[in-house]
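Working notes, structure below.
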Amino acid sequence: MLGKTTTVMLSGMEGMITHVECDVADGLPGYYLVGYLSAEVREEKERALAALKNSNVKLPAKKVTMNFTPAGVHKTGTAFDLPMAISIAAGYGLLREENLSDIILIGELSLNGKIEGVRGVLPMMLCAREKGYRYAIIPKDNEKEADMVENMKILAVSSLQEVMQLFLKKDARNYFKEGQNMAFCEGKKDSYIPDFAQIKGQTLVKRACEVAASGRHNLLMVGPPGTGKTMIAKAMAGIMPPMSKNEQLEVTSLYSISGLLDNEKQWITGRPFRMPHHKTTPKGLLGGGTPVRPGEISLANRGILFLDELPEFGVQTLEVLRQPLEDGMVTISRAGGNFRFPADFTLVAALNPCPCGFYPDLNRCHCTHTQIRRYLGKISGPLLDRMDMCVEVSQIEYTDLQEAEAEDSATIAKRVEKALERQKSRFRHEEIQFNGQMREPLLSKYCKLDGPLDAYMKTQYEKLQLSARTYHRVLKVARTIADMKEHEKIEREDLLEALVFREDLQVWR
């Protein structure tokens with residue numbers, strides 16, 4: 001007799017409908033698994049059989065052949081436990097086969113038959129809905145996560161015995177419930193974020209953060225220790241607009257795959273802020289492992305990746321940033337296939353001007369020229385080329401500490417959102433939303449300089465020895481500044497301010 005169940009397997013962020021077929025026939029007793037399976041999937045057979053035995057399901061000795069389709073795709077993950085056990089029971093004729101045809105089964109089994117939560121339920125459910133499925137059985141631990149998906153009926157279960165009893169009933173689908181879809185709370189922050197009102201002085205740095213947030217530009221801050229670089233970077237997350245519904249789904253899916261969702265609140269509503277330690281490996285930043293998991297740059301998707309003490313990171317670690325900064329996507333190649341994760345983040349980095357941090361104050365800095373060059377030389381020119389803006393964070397004067405509270409983040413956030421709305425309106429017929437994402441031919445279309453301004457830019461291009469990439473990045477920043485000032489075209493003052501942020505970077509190269 002043939003039993004067949006359906007589940008979803010993840011390959012990166014993409015889901016794939018997978019069928020588990022079980023044929024029970026007379027012959028030499030044994031269990032035979034086929035279908036390009038990883039070692040962890042082959043081990044699931046033992047868990048499924050033990051869970052069935054401990055759920056009072058008796059299975060006569062037969063020849064059992066199990067096939068996982070599509071056969072040419074490498075099967076990984078622990079979500080096959082439940083569909084495998086139900087497929088075996090159906091193959092033995094213990095369940096109503098008509099109940100299995102259009103129901104997605106997801107879950108890991110303990111030996112006693114308890115159904116454990118799994119990673120990646122949200123993207124699995126989204127894939128199932130996209131493929132036309134409307135019913136899913138998922139672990140109780142993943143119920144809140146599955147509730148995020150509209151137009152899906154779910155049943156959260158705790159044991160294999162519950163599922164077996166369900167599939168013995170004629171009206172099994174009547175026990176499923178609609179997802180609550182209550183995850184999306186605009187404007188809600190997931191953690192404490194400093195307010196710009198708490199940061200004394202640093203007017204130019206705050207302006208740079210506002211420009212960077214308004215156009216999704218990468219920002220480099222250079223200054224001695226204790227000047228507030230880390231606090232400013234964290235505060236920048238508070239002036240970015242709330243995530244849209246689709247952005248929340250995308251970010252929460254990444255955290256679901258990584259197993260980082262909170263048990264009480266299984267969704268991400270605030271923009272991510274990731275601050276990896278400088279000992280992070282290239283794999284930790286980019287992603288990888290077995291099974292493949294997203295790295296820090298993907299966990300910062302739609303938010304901010306903050307790299308403090310930039311030269312302290314390994315050279316190889318920093319170099320893996322170059323391709324994602326251009327493409328907004330990470331592709332990890334393995335023998336089992338290619339795994340893709342989104343990595344559309346804003347890079348904010350901070351560094352000291354020398355190993356001790358006090359250059360060019362020669363009264364406090366005793367670093368040699370060689371030490372300084374070696375320290376700054378860890379950051380390659382191609383990576384610096386991908387930074388849109390640079391700003392110097394100076395020592396705070398005592399009088400700045402005594403000033404009244406400065407402009408708060410809520411006020412700045414309103415200006416940022418207004419500038420972003422202007423960009424979304426401009427790019428409504430394009431495939432992008434923000435100035436920082438522009439490439440040719442959009443740059444020529446929306447960042448065109450008039451005659452005198454073009455001549456001035458030519459002079460600065462030669463004076464600063466800009467590359468073609470940095471020239472385009474200056475134009476994108478100037479376009480953002482023009483949007484903030486509600487200028488239809490880039491004006492001279494917009495270009496001058498963009499060049500100020502670029503000149504600082506040229507100095508520190």
- prompt: Is R173 paired with D102 through a side-chain N to carboxylate O contact shorter than 4.0 Å?
  reply: yes
- prompt: Thinking salt bridges, do E326 and R473 make one under a 4.0 Å N-O criterion?
  reply: yes
task: Take T78 and E44 through the test side chain to side chain donor-acceptor pair (under 3.5 Å) and record every step on the way to the result.
output: CA-CA 7 Å; T78 59; E44 291 178 34; 5.6 Å; no
message: Applying side chain to side chain donor-acceptor pair (under 3.5 Å) to H19 and T6, what does each step give before you reach the verdict?
response: CA-CA 5 Å; H19 301 287; T6 306; 3.2 Å; yes
statement: Rounding to 0.5 Å, atoms NZ (K53) and CG (L160) come to a distance of 13.0 Å
- prompt: Is K177 salt-bridged to E143, going by a charged N under 4.0 Å from an acidic O?
  reply: yes
task: State, with a plain yes or no, whether a side-chain heavy atom of H217 is found less than 4.5 Å away from one of K476.
output: yes
- request: State whether the side chain of T5 and the backbone N or O of I86 hold a donor-acceptor pair below 3.5 Å, judged by distance alone.
  value: no
message: Whether K75 engages the ring of F80 as a cation-pi pair (distance to the six-membered ring centre under 6.0 angstrom, angle to the ring normal within 45°) should be assessed.
response: no
query: Quick one: are M221 and C390 in side-chain contact, heavy atoms under 4.5 Å?
result: no
query: Do side-chain atoms of S55 reach the backbone of A51 as a donor and acceptor pair under 3.5 angstrom?
result: yes
- request: Name the orientation class of the two ring planes belonging to Y36 and H74 (parallel below 30°, tilted from 30 to 60°, perpendicular beyond 60°).
  value: tilted
task: Without swapping roles, check the side chain of Y375 against the backbone of E312 for a donor-acceptor pair under 3.5 Å.
output: no
task: Using a strict 4.0 Å threshold on nitrogen-to-oxygen distance, state whether D483 and R426 make a salt bridge.
output: yes
message: Has S256 got a side-chain atom pairing as donor or acceptor with T252's backbone, closer than 3.5 angstrom?
response: no
message: If you apply the rule salt bridge (Lys or Arg N to Asp or Glu O under 4.0 Å), what do you find for E430 with R439, and how did you get there?
response: CA-CA 11 Å; E430 313 290 351; R439 295 182 180 180; over 6 Å; no
- request: For R386 and P382, indicate whether the former's side chain and the latter's backbone hold a donor-acceptor pair under 3.5 Å.
  value: yes
message: Closer than 3.5 angstrom, by distance alone: can the side chain of N218 be matched with the main-chain N or O of M389 as a donor-acceptor pair?
response: no
query: Would one find more than 12 heavy atoms of other residues, nucleotides or ligands at under 6.0 Å from atom NZ of K206?
result: yes
field: Under 3.5 Å donor-acceptor, S214 side chain and E210 backbone
entry: yes
message: Just to verify, which of D195, I199, I412 counts as forming a side chain to side chain contact (heavy atoms under 4.5 Å, CB included) with E407?
response: I412
message: Keeping N352 on the side-chain end and P355 on the backbone end, is there a donor-acceptor pair under 3.5 Å?
response: no
query: Mind checking whether F313 and L307 have side chains closer than 4.5 Å, heavy atoms only?
result: yes
task: Could you check if a side-chain atom of E309 sits within less than 4.5 angstrom of a side-chain atom of L351, using non-hydrogen atoms only?
output: no
- prompt: Is any side-chain N of the basic residue among D344 and R302 closer than 4.0 Å to the acidic one's carboxylate O?
  reply: yes
message: I'd like to know if the side chain of T280 reaches the main chain of P276, judged simply by a donor and an acceptor atom lying under 3.5 Å from each other, with no hydrogens or angles considered.
response: no
- request: Would you check if E319 and R322 make a side-chain contact, meaning some heavy-atom pair closer than 4.5 Å?
  value: yes
- request: Before giving the answer on side chain to side chain contact (heavy atoms under 4.5 Å, CB included), spell out for L383 and L325 the whole-Å C-alpha distance, their side-chain angles and the decisive distance to 0.1 Å.
  value: CA-CA 9 Å; L383 179 60; L325 282 172; 4.0 Å; yes
field: Donor-acceptor contact below 3.5 Å, side chain Q423 vs main chain N435
entry: yes
